[in-house]
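Here's the structure, in structure tokens; my notes come after.
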Amino acid sequence: MLHQDQMKNKRSGFKPWRLGGTIALLLLATACGYQPVPAAGPVDGQEGKAPAGAYPRTIVTGGKHEVVIPAKPERIAALSLDTAEMALELADPSRFVVAPRSLDNEQLSVHAEQGKLIGTKITGATKLDPEQVLSYKPDLVLMTTIHDGEKDADPILKQAGIPVLTFKEWGSVRQIMDQLDLIGQALGEEEKAKAVTDRMKSKLEAVRNKVEGRKAASKPTVLVLSPVGPNTGPYMMGPDNISSDLVRLAGGTPAAEAMGLPRTTKATIEQIIQADPDCILLSDWEGKKEQAFRELTGNPGWSTLKAVKEGRVRVMSAKQLVNANPAVVDSIAEIADVLEPASGVKKEAGA
């Protein structure tokens, strides 16, 4: 998540916690009853499934990392926005002991109303505190290790003996479906997960039929601009963000790809003018619509852009465009509409 930003901080290597702090964490985990449970009747998350309701079960992530779930989780700690979104597709809020504060933001989250029913919220990302997480006595931790705080907390939580499902990214619709299946297995909600992914596949097929005739030469370039955190200003979303996959599935070409950007990069009007994309999508984090991008839209060069002249600038909420959740498949048809030549008629931003 971006999550919430999609920026991957440069790091020189893992920074270990203080020895005393680590020992204290492990003692706390032992006192709370966190002990590794050997797998009985292991289940490979990729190759096989346990009988309905059977625990303990072993989930395999990334094709090699085994996580033993001793019993059906009832005290879930979803520490990243994307993992919280996925888990709330499958589990009642009453099963969560902690979730990220960003879950309450209706521009960022599709489960904001459900999220408000989870009593405890914490700041994740760069400020995640493993000791605080342990204090909630979770029986399953779900986390995406994009930010430094998440990366540092991950090994500490695993040393404490808590089942931790860690994801590196949610950069494509295919990843969302595959990883949602894994979370479904961990939560004992396989059938719900299958129902969600089946709906996603159906919607993907409908859009595919609409755009499959578009020739490679006629695939418009689409620039996605978004903040990557509070008060960061706009960035050009890189190839690892879910928005790039949405653009491709809608029949377009991510402008970041055409520009050769390897990662999410701070946006400048000079780069945007040079790229001159066919379409521009603006990710709204706070409900301010185009006003949030005034440092770019107020520049005289903005009005010279092809996308602006042809009315192909669309504001979409962050939850529709840059934050991974199952509902992003609904955005593909909207993006495809912006790419159609007939959509050159100017529309009200965000309409």
So, taking the atom named [atom1] in [X] and the one named [atom2] in [Y], what distance separates them when rounded to the nearest 0.5 Å?
{"X": "Cys279", "Y": "Arg314", "atom1": "SG", "atom2": "CZ", "answer": "10.0 Å"}
{"X": "Ser317", "Y": "Glu286", "atom1": "OG", "atom2": "CD", "answer": "13.0 Å"}
{"X": "Met316", "Y": "Ser226", "atom1": "CE", "atom2": "OG", "answer": "12.0 Å"}
{"X": "Thr144", "Y": "Lys151", "atom1": "OG1", "atom2": "NZ", "answer": "12.0 Å"}
{"X": "Lys72", "Y": "Asp139", "atom1": "NZ", "atom2": "CG", "answer": "11.5 Å"}
{"X": "Arg294", "Y": "Asn299", "atom1": "CZ", "atom2": "CG", "answer": "14.5 Å"}

For [X] against [Y], the heavy-atom pair lying closest together:
{"X": "Pro73", "Y": "Leu187", "result": "CD-CA, 4.1 Å"}
{"X": "Leu249", "Y": "Val207", "result": "O-CG1, 3.9 Å"}
{"X": "Thr304", "Y": "Pro300", "result": "CG2-O, 3.9 Å"}
{"X": "Asp181", "Y": "Lys194", "result": "OD1-N, 4.4 Å"}
{"X": "Asp104", "Y": "Ala112", "result": "O-CB, 3.9 Å"}
{"X": "Arg75", "Y": "Tyr136", "result": "NH2-O, 2.6 Å"}

Which is it for Glu66 and Val60 under the side-chain contact (heavy atoms from CB on, under 4.5 Å) test, yes or no, and what are the steps along the way? CA-CA 5 Å; Glu66 295 187 354; Val60 180; 4.1 Å; yes
For Phe167 and Gln175, what are the C-alpha separation, side-chain angles and deciding distance, and is it a side-chain contact (heavy atoms from CB on, under 4.5 Å)? CA-CA 10 Å; Phe167 303 95; Gln175 277 186 326; over 6 Å; no
Would you say that [X] contacts [Y] through its side chain, given a criterion of any heavy-atom pair below 4.5 Å between the two side chains?
{"X": "Met236", "Y": "Leu225", "result": "yes"}
{"X": "Pro234", "Y": "Glu295", "result": "yes"}
{"X": "Leu321", "Y": "Ser331", "result": "no"}
{"X": "Leu128", "Y": "Met143", "result": "yes"}
{"X": "Lys158", "Y": "His65", "result": "no"}
{"X": "Leu79", "Y": "Ile122", "result": "yes"}
{"X": "His111", "Y": "Glu89", "result": "yes"}
{"X": "Val224", "Y": "Leu246", "result": "no"}

Can we say Asp240 and Arg263 salt-bridge, meaning some charged N sits less than 4.0 Å from an Asp/Glu carboxylate O? no
Do the side chain of [X] and the main chain of [Y] share a donor and acceptor less than 3.5 angstrom apart?
{"X": "Asn325", "Y": "Val328", "result": "yes"}
{"X": "Thr268", "Y": "Gln271", "result": "yes"}
{"X": "Lys121", "Y": "Gly115", "result": "yes"}
{"X": "Lys319", "Y": "Asn105", "result": "no"}
{"X": "Asp284", "Y": "Lys288", "result": "yes"}
{"X": "Ser135", "Y": "Gln132", "result": "yes"}
{"X": "Gln179", "Y": "Thr61", "result": "no"}
{"X": "Asp276", "Y": "Lys306", "result": "yes"}

Distance alone, cut at 3.5 Å: any donor-acceptor contact between the side chains of [X] and [Y]?
{"X": "Glu85", "Y": "Ser109", "result": "yes"}
{"X": "Thr221", "Y": "Asp278", "result": "yes"}
{"X": "Thr145", "Y": "Asp154", "result": "no"}

ILVMFWY network linking [X] to [Y], side-chain heavy atoms under 4.5 angstrom:
{"X": "Ile242", "Y": "Val196", "value": "yes"}
{"X": "Leu117", "Y": "Leu88", "value": "no"}
{"X": "Leu223", "Y": "Val315", "value": "yes"}
{"X": "Val110", "Y": "Leu204", "value": "no"}

With side-chain contact (heavy atoms from CB on, under 4.5 Å) as the test, would you mind laying out the steps for Val228 and Met237 before giving the verdict? CA-CA 9 Å; Val228 294; Met237 290 294 97; 3.7 Å; yes
Are more than 12 heavy atoms from other residues, nucleotides or ligands located less than 6.0 Å from atom CD of Glu191? no
Got more than 12 heavy atoms from elsewhere within 6.0 Å of CD, Glu205? yes
Check step by step if side-chain contact (heavy atoms from CB on, under 4.5 Å) holds for Leu103 and Leu81. CA-CA 6 Å; Leu103 190 62; Leu81 177 59; 3.9 Å; yes
